[in-house]
Structure formats: C-alpha cells, structure tokens
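Let me begin by presenting the structure, written as structure tokens, before commenting on it.
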Amino acid sequence: QVQLVESGGGSVQAGGSLRLSCTASGYSFSSACMGWFRQAPGKEREGAAATDSAEYSTFYADSVKGRFTISRDNAKNTAYLQMNSLKPEDTAVYYCAAIPGSVCHGLTLRWYRHWGQGTQVTVSS
C-alpha cells in the first residue's frame, strides 16, 4: 500500500543542475523522515541527504554538501532533491526512502522502511 515514486532523473553535463521529486502515497507523509540515497554500478547504496518531517534537521553526505539541497512539500506529499554543480561521480540511481514517525535517523540506510524504485542520474564530462 505504501508507494514512493521518483521522477526528474536524466542526463546532464558536469556543472549542470537537476531536481528530483519523490511523491508518496499510502502513509502519513507529513510525519515521516525522508531521505535520498544513491547507488552507482558495482557500489553499495549510500545516503546523500535526509530531512525530518518539518525540515528542522537536515543531513548531507560530505560528498554533496554545498551542492545538494533536500526539501519537502507536505501538502503535496512530495520530497525534492535539488542537485547543483553536478559531477561525473554523482552518476547513480537515486532512491527516495522514508521512515514513518517523528524520529529521523539521518543517512543510516538500515532504518528506512519504504523505498522507491529509483531514477537514473547520469553526469557526463
């Protein structure tokens, strides 16, 4: 019943920007911690950014700090990841994930309960 659907992926040149969206259904989005994770071919999935239900706290991987911004619109059940100054090493499948409730566990992957199917982001040189 819980569903997360990502969109907004694509191919861009290095230095470009992209905004990913994640639309949720089937649970109380407004009370959920939302996170964005990514996985490159042959590598483990890693956290990129996360935020609590009211954006009081945000979490970013060192590799994306200053370039990526996570936000959300609870009225639309949607989370966003604005990605600027993209680098080839940002190339990966990006996944939206959620932790229901008021406690956010940052970028610790094992805590996330619900996952989207992913959207491909490719950054060329």
Side-chain angles (χ1 to χ4, degrees):
Q1 187 173 8
V2 174
Q3 186 175 21
L4 302 176
V5 180
E6 302 96 337
S7 63
S11 298
V12 297
Q13 294 275 70
S17 298
L18 209 59
R19 188 175 80 155
L20 306 182
S21 298
C22 172
T23 300
S25 63
Y27 71 102
S28 181
F29 179 86
S30 62
S31 65
C33 174
M34 300 298 299
W36 287 96
F37 296 78
R38 63 187 187 180
Q39 187 169 22
K43 295 185 177 181
E44 297 294 322
R45 192 169 300 183
E46 64 179 9
T51 186
D52 64 17
S53 60
E55 298 183 83
Y56 293 140
S57 298
T58 55
F59 308 84
Y60 294 97
D62 288 342
S63 59
V64 309
K65 285 181 179 177
R67 299 188 298 118
F68 289 12
T69 302
I70 188 169
S71 62
R72 63 196 294 162
D73 185 339
N74 289 338
K76 296 182 178 180
N77 287 354
T78 301
Y80 305 94
L81 185 67
Q82 178 67 47
M83 304 183 293
N84 298 325
S85 301
L86 284 163
K87 304 174 181 179
E89 51 262 45
D90 295 319
T91 295
V93 176
Y94 283 71
Y95 297 89
C96 175
I99 306 172
S102 61
V103 178
C104 194
H105 294 273
L107 302 179
T108 304
L109 186 149
R110 68 185 181 91
W111 292 108
Y112 286 80
R113 299 290 188 271
H114 308 295
W115 294 83
Q117 295 301 304
T119 185
Q120 177 70 49
V121 172
T122 302
V123 184
S124 62
S125 301

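Only a predicted model underlies this, so the values are computations on that prediction, with no experimental measurement involved.
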Sequence neighbours excluded - side chain to side chain donor-acceptor pair (under 3.5 Å) pairs with any residue from residues 80-97: Ser17-Asn84, Arg38-Asp90, Arg38-Tyr94, Arg67-Asp90, Gln82-Asn84

Nearest-0.5 Å distance, CG of residue Asn77 to SG of residue Cys22: 10.0 Å

Stepwise side-chain contact (heavy atoms from CB on, under 4.5 Å) test for Tyr60 and Thr69: CA-CA 8 Å; Tyr60 294 97; Thr69 302; 3.8 Å; yes

For Leu4 against Ala24, the heavy-atom pair lying closest together: CD2-CB, 3.3 Å

Connected via hydrophobic side-chain network under 4.5 Å: Leu81 and Phe37: no

Approximate separation, where rounding is to 0.5 Å, of Cys33 SG and Tyr112 OH: 3.5 Å

Residue pair Ser125 / Gln13: nearest heavy atoms and the distance that separates them: C-OE1, 4.4 Å

In one Ile/Leu/Val/Met/Phe/Trp/Tyr side-chain cluster, 4.5 Å: Val2, Met34: yes

Distance, nearest 0.5 Å, that separates OG of Ser7 from CZ of Arg19: 9.0 Å

N/O donor-acceptor pair under 3.5 Å between Glu6 side chain and Gln117 backbone: yes

Nearest atoms (heavy-atom pairs only) where Ala50 meets Gly106: CB-O, 3.4 Å

Asp52 side-chain N/O to Ser57 backbone N/O, donor-acceptor pair under 3.5 Å: yes

Verify same cluster id: Phe68, Leu109 (apolar side-chain graph, 4.5 Å): no

Shortest non-hydrogen contact from Val121 toward Met83: CG2-CE, 3.9 Å

Val93 with Trp115, same ILVMFWY side-chain cluster at under 4.5 Å: yes

Summary of disulfide bond (SG atoms under 2.5 Å apart) pairs that have at least one residue in residues 58-88, sequence neighbours excluded: none

Atom pair CD/CD of Glu44 and Gln39 - distance to nearest 0.5 Å: 7.0 Å

Cluster check Leu18, Ile70: I/L/V/M/F/W/Y, side chain < 4.5 angstrom: yes

Nearest atoms (heavy-atom pairs only) where Ser30 meets Ser53: O-CB, 2.9 Å

Rounded distance [0.5 Å steps], OG1 in Thr108 versus CZ in Phe59: 9.0 Å

Nearest-0.5 Å distance, CH2 of residue Trp36 to OG1 of residue Thr51: 13.0 Å

Shortest non-hydrogen separation from Gly47 to Ala61 and the atoms involved: O-CB, 3.4 Å

